[in-house]
**Q** 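Take this structure first; my questions come after.
Counting from 1, the numbers follow the sequence of the chain as shown. Hydrogens, waters and symmetry mates play no part in the numbers below; they use all other heavy atoms, side chains included. Atoms within each ligand, like the ligands themselves, are counted from 1 in listed order.
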Amino acid sequence: MAVRVADGGAVKVGLLGCGTVGQAVVRSINEGGSTIERASGHRLVVGPILVRDPAKPRPGVDPSLITTDPKRVLDDPSVAIVIEVMGGLDPTLGYLRRALDRGASVVTANKQLLARHGPELLLAAEQSGAEIRFEASACAAIPVIKVLRESLLAAEITAVTGIVNGTTNFILTEMSRSGLSYADALARAQELGYAEPDPTEDVNGADAAAKMAIMASIAFHSRVRIDDVPHEGIDRLHAEDIEHARSLGFVVKLLGVARLVNGAVTARVYPALVPAGHRLAAIGGPDNAVLLESRNTGEIMLVGPGAGGAETASAVVADILSILGTHKGSFLHNALADAGRGIAPPGEVTSSFYLRMFVADRPGVLARIASVFGDEGLSIRSVVQSGSGDEARLVLIIHAGREERMDAAVERLGALEVVRGAPVMLRVLGDGEGGG
Ligand SMILES: NC(=O)c1ccc[n+]([C@@H]2O[C@H](COP(=O)([O-])OP(=O)(O)OC[C@H]3O[C@@H](n4cnc5c(N)ncnc54)[C@H](OP(=O)(O)O)[C@@H]3O)[C@@H](O)[C@H]2O)c1
């Protein structure tokens, strides 16, 4: 590890760029500093930050760190890790070579740069003993690179199939669910911020091809560049074909597909019909998903947001931690890594609930039951009643509330003379689960 550690175990990181992702990285380091320190044994210090226009507002970023002089980030020996979140190929490639050549490690989110110049950057890192990490370059928050290069390193990956562009997935989802034309779905994506004003790279498949080149390189331990990845986009798709596909039991997705054919790598991007029951068919809206197939592990699918400042910053910070290593404060082995949070008493956890019970079918019963929930500070979302003789079955959904209050309500209900037998209670996933 070529990281130079300054006084007190502090590690200075410099940034190239401070836009959407850069600002989220600075926020994440400032807010998550103690977690990073507990895990790695190093305190991260944000150092110089290169931008084009120093006058732009950058909330939460110390203005004294902002510079337009690349030397302050690239050539300062106290900057141990250079984070590249400026994008583009030139001057970015030269900057990263310069940082790696002097032994600084590099974290980059730049898929186009890696998909074109990855091999030479990896070589430069190898020659100087520095590290280059690029988790954020493929599918932002989804930790697919780390899973491929570490967790599944020896798993013998046979195929990587992904929905790796959220913009096109959103457009296709809209075309399919609402019957919108391509142009209208694109306009809606732009309105909601899921598509750039110039969406060319997304809709023509070039963005997905860059990500597939990076993932195929890691999955198959090879060197795949974007020029090796033929890509078709969705810009020539007709709503009519999406409708025909639907009537035949398929959904249309823009897929990146990389696999081994007779020991050689093939990686391509194209719109494809996916059977409606396939797990990739369920990925809707701007989400990304990557299905990894391997001889040893079968299928593993990773799903999550493929863009966004905070999401991408999460991958950048994870890369910084990978470079520093967690051996000094491994979460399970080191007292320092214990945040001392304790265990929440079960009764304080909140959830929403399903309740089924049989009650006497006579006037006033529902009011008595409702008053029990009211007394416990719980509110009823829905009630379905079905009668059978002098008995009625009640099925209730209760809005999120503390479990201890629900337990008390169930006990009181069970003791009511109008309630027959013990009520059956199940928790409802998702709606207001948490602490309270
Ligand atoms: N946004 C996402 O959701 C996302 C997701 C995954 C990956 N990425 C990747 O992350 C990188 C950054 O994306 P972003 O959305 O944060 O971009 P952005 O908001 O446009 O920010 C770019 C930053 O780089 C600076 N910059 C650009 N060219 C420069 C140059 N030649 N010299 C000095 N500074 C320069 C800009 O300076 P000024 O502020 O002065 O203009 C700005 O601070 C890109 O490679 C992108 O592909 C982004």
**Q** Is the shortest side-chain N to carboxylate O distance from Arg133 to Glu131 below 4.0 Å?
**A** yes

**Q** Once side chain to side chain donor-acceptor pair (under 3.5 Å) is applied, what residue pairs with a partner in residues 243-256 remain, sequence neighbours excluded?
**A** Asn169-Lys253, Glu240-His244, Glu243-Arg246

**Q** Give me each pair satisfying side chain to side chain donor-acceptor pair (under 3.5 Å) with a member in residues 265-292, each pair once, sequence neighbours excluded.
**A** none

**Q** Taking only Lys NZ, Arg NE, NH1 and NH2, and the carboxylate oxygens of Asp or Glu, determine whether Lys146 and Glu150 approach each other closer than 4.0 Å.
**A** yes

**Q** Indicate every side-chain donor-acceptor pair of residues 80-90 with a distance under 3.5 Å to a residue at least two apart or in another chain.
**A**
residue	atom	partner	partner atom	Å
Glu84	OE1	Thr108	OG1	2.5
Glu84	OE1	Asn110	ND2	3.3
Glu84	OE2	Met86	N	2.9
Glu84	OE2	Gly87	N	2.8

**Q** Looking at Lys211 and Asp207, is any side-chain nitrogen of the basic one under 4.0 Å from a carboxylate oxygen of the acidic one?
**A** yes

**Q** Return the protein residues near ligand 1 (heavy atom under 4.0 Å from any of its atoms), ordered by chain and residue number.
**A** Gly17, Cys18, Gly19, Thr20, Val21, Leu50, Val51, Arg52, Asp53, Lys56, Arg58, Val85, Met86, Gly87, Pro91, Ala109, Asn110, Lys111, Ala136, Ala307, Gly308, Thr312

